[in-house]
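Report on the following structure.
Residue numbers start from 1 in every chain, and the chains themselves are labelled A, B, ... in the order their sequence lines are given, proteins ahead of strands.
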2 protein chains.
Amino acid sequence: MLKKERHQFIMDKFKEADKVNTIDLALELEISEDTIRRDFNELHNKGLIEKVYGGAFLVKDKSRNIFDINIVNEDKKIIVGQKALSFLREGQVIIMTGGTTNLSFCKLIPIDFSATIYTYSLPIAMQLSQHPNIELIFIGGKLQKNAMVTVGIDVVQVLSKIKADVCFIGVSSLDVNQGLTEMGYEVSIIKKEMINASDKIIVLATSDKINGKMPHKVCGLDRIDAIVTELSPTSPRIKNFADAGARLF
Amino acid sequence: MLKKERHQFIMDKFKEADKVNTIDLALELEISEDTIRRDFNELHNKGLIEKVYGGAFLVKDKSRNIFDINIVNEDKKIIVGQKALSFLREGQVIIMTGGTTNLSFCKLIPIDFSATIYTYSLPIAMQLSQHPNIELIFIGGKLQKNAMVTVGIDVVQVLSKIKADVCFIGVSSLDVNQGLTEMGYEVSIIKKEMINASDKIIVLATSDKINGKMPHKVCGLDRIDAIVTELSPTSPRIKNFADAGARLF
DNA sequence: AAAGATAATGCATTATTATGCACGTTTTAA
DNA sequence: TTAAAACGTGCATAATAATGCATTATCTTT
């Protein structure tokens with residue numbers, strides 16, 4: 001029996017019982033307790049079990065991988081993403097902001113889609129790196145850890161020098177009168193710059209972002225070419241936007 | 001029986017069992033264990049199997065989620081990372097290259113460690129973003145998708161302007177005579193620049209990178225302040241490095 | 001088809017890993 | 001507090017792996 005098999009065997013034991021016992025395992029597998037102890041040590045070092053005097057317990061809450069991002073309201077965001085696909089054109093130069101709505105959108109982009117995409121979001125970049133035909137340019141800078149985007153003068157400087165066909169922009173809040181507003185000052189500055197650099201502005205927003213105001217204004221409704229939500233464009237919840245002349249999808 | 005047939009035969013074995021055994025295969029095919037081992041090595045290098053002492057396992061359906069990175073030889077890389085921790089100092093300015101060895105290292109950095117870290121690797125940045133006291137600066141540029149690092153003139157330009165205390169550098173290959181060499185031209189240029197910008201150079205390498213040569217030279221052994229491997233510094237496998245005066249850890 | 005070049009294989013040697021045992025230390029429970 | 005049980009460490013041994021080298025097989029080119 002190979003060591004790895006034994007390790008697997010031990011881990012499987014936890015399906016039957018909460019605790020495994022050093023001696024029992026040694027007897028069952030007909031090997032020395034020393035070997036079981038060494039196995040325990042290795043499994044412990046991998047963070048899989050917790051050693052106790054006489055045996056071991058399974059570690060339950062194995063802190064889930066930091067790399068997998070939890071998307072709240074993913075179903076709604078997928079609807080938004082699906083609708084937004086119609087704004088994609090092959091060969092475009094695209095600016096993509098961060099946020100989980102944009103991330104859901106990026107997951108839906110056809111695998112062989114070809115374009116040049118600028119982004120300042122780490123998760124978005126990870127996602128888009130799966131697309132072989134997308135030329136991906138990451139805008140560097142100081143990392144803002146909560147949003148997983150880069151900020152600072154370097155980001156603004158890069159953006160000031162580029163020209164894009166379209167910007168897919170996620171939002172903190174969207175209001176009929178205030179337009180697009182942001183929670184953080186730095187991100188608001190950067191988004192302004194992104195909008196400046198782009199011909200068309202497509203806003204991706206789930207309905208919970210609608211009719212809210214944040215301290216820092218990014219741009220007015222008039223500058224936005226399309227607002228994509230999971231709601232029907234005729235939904236009463238966004239009638240005020242329709243009345244104000246916003247292009248809803 | 002051709003080598004390719006044998007490889008296919010081995011892979012087919014996994015349909016019957018979870019593992020294959022080196023000796024059993026040698027007996028069944030009536031060839032030497034050496035050949036089976038060489039087959040295992042080749043299949044391992046293709047990422048198809050995982051070698052263990054006494055046999056091999058099939059590599060399971062590789063990460064459905066693009067965000068979780070599969071680290072081959074993680075155990076060895078963890079040993080390297082553990083040793084490398086002793087080179088960290090609070091408050092340093094650090095340059096961190098990419099690669100899974102460096103990623104393993106970053107996972108081991110104490111959560112409250114405080115420093116300024118520059119990197120051009122997406123996964124490394126994702127990992128380090130978990131550390132609240134690390135000021136993380138991502139070096140932007142065009143994304144090279146296989147290595148998940150940024151390349152291009154922008155990267156070089158940023159690096160030419162900074163000064164770091166230490167650079168933790170992963171390698172393609174490390175050779176006594178050639179020193180540090182890289183597979184890709186662009187990355188070799190960038191690593192040169194990183195070395196230029198740093199006072200101390202710490203090389204992190206598992207033993208499989210040792211005694212190999214790649215087309216693009218990065219720097220000689222004399223510029224390297226420490227080579228950290230999973231082996232003992234006195235191991236005969238790296239005796240030639242010790243003889244050449246390299247500082248092994 | 002033959003000669004030379006290249007790759008594959010096996011063998012001998014050395015290195016590494018896994019395992020059990022002995023023995024001293026730590027932990028548990030009465 | 002004490003004795004038994006469990007643990008950790010160093011060591012010896014055996015199994016497995018890696019490496020260099022010689023040999024054999026395969027491919028290329030003429």
Worksheet item: Looking at DNA chain D, which of residues 26-37 of chain A put a heavy atom within less than 4.0 Å of it?
Response: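 Within this stretch, A:Asp34, A:Arg37 sit under 4.0 Å of the strand.
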Discussion item. By nearest heavy atom, map B:Val52 and B:Arg38 onto DNA chain D; which one lands nearer the 5' end?
Written reply: B:Val52
Practice prompt. State the NZ-CD distance between B:Lys200 and B:Gln92, to the nearest 0.5 angstrom.
Written response: 9.5 Å
Item to complete: Would you classify A:Lys51 as touching base, sugar-phosphate or nothing, given that sugar-phosphate means primed atoms plus P, OP1 and OP2, and contacts are heavy atoms under 4.0 Å?
Response: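 If one applies the 4.0 Å heavy-atom cut-off, A:Lys51 turns out to touch the sugar-phosphate alone, with no base involved.
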Practice prompt. Look at all strands and tell whether B:Arg237 reaches a base, only sugar-phosphate, or nothing, counting heavy atoms closer than 4.0 Å.
Written response: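 Contact class for B:Arg237: sugar-phosphate only.
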Discussion item. Ring-plane angle category for B:Phe168 and B:Phe105, please: parallel below 30°, perpendicular beyond 60°, tilted otherwise.
Written reply: tilted
Worksheet item: Reading DNA chain D 5' to 3', which nucleotide is the first, and which the last, to come under 4.0 Å of any heavy atom in chain B?
Response: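 Range of nucleotides within reach of chain B: D:dA15 to D:dT19.
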Worksheet item: If you pin A:Lys3 and B:Glu42 to their nearest nucleotides in DNA chain C, which one's is more 5'?
Response: B:Glu42
Test item: [X] side-chain N/O and [Y] main-chain N/O as donor-acceptor pair under 3.5 Å:
X        : Y        : value
B:Thr97  : B:Gly170 : yes
A:Thr100 : A:Leu103 : no
A:His7   : A:Leu43  : no

Worksheet item: Separation of B:Leu231 atom CG from C:dT17 atom C1', in whole Å?
Response: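 Rounding to the nearest Å, CG of B:Leu231 and C1' of C:dT17 are 13 Å apart.
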Fill in: Polar side-chain contact A:Tyr53-C:dT28 base: donor and acceptor under 3.5 Å
no
Worksheet entry | Pairing of B:Lys77 and B:Glu230 as salt bridge, 4.0 angstrom limit |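 B:Glu230 and B:Lys77: not salt-bridged.
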Item to complete: Please determine if B:Lys13 and B:Glu28 form a salt bridge, counting it only when a charged side-chain N lies under 4.0 Å from a carboxylate O.
Response: yes
Worksheet entry | Validation row, ring centre A:Phe138 to ring centre B:Tyr120 under 6.0 Å | no
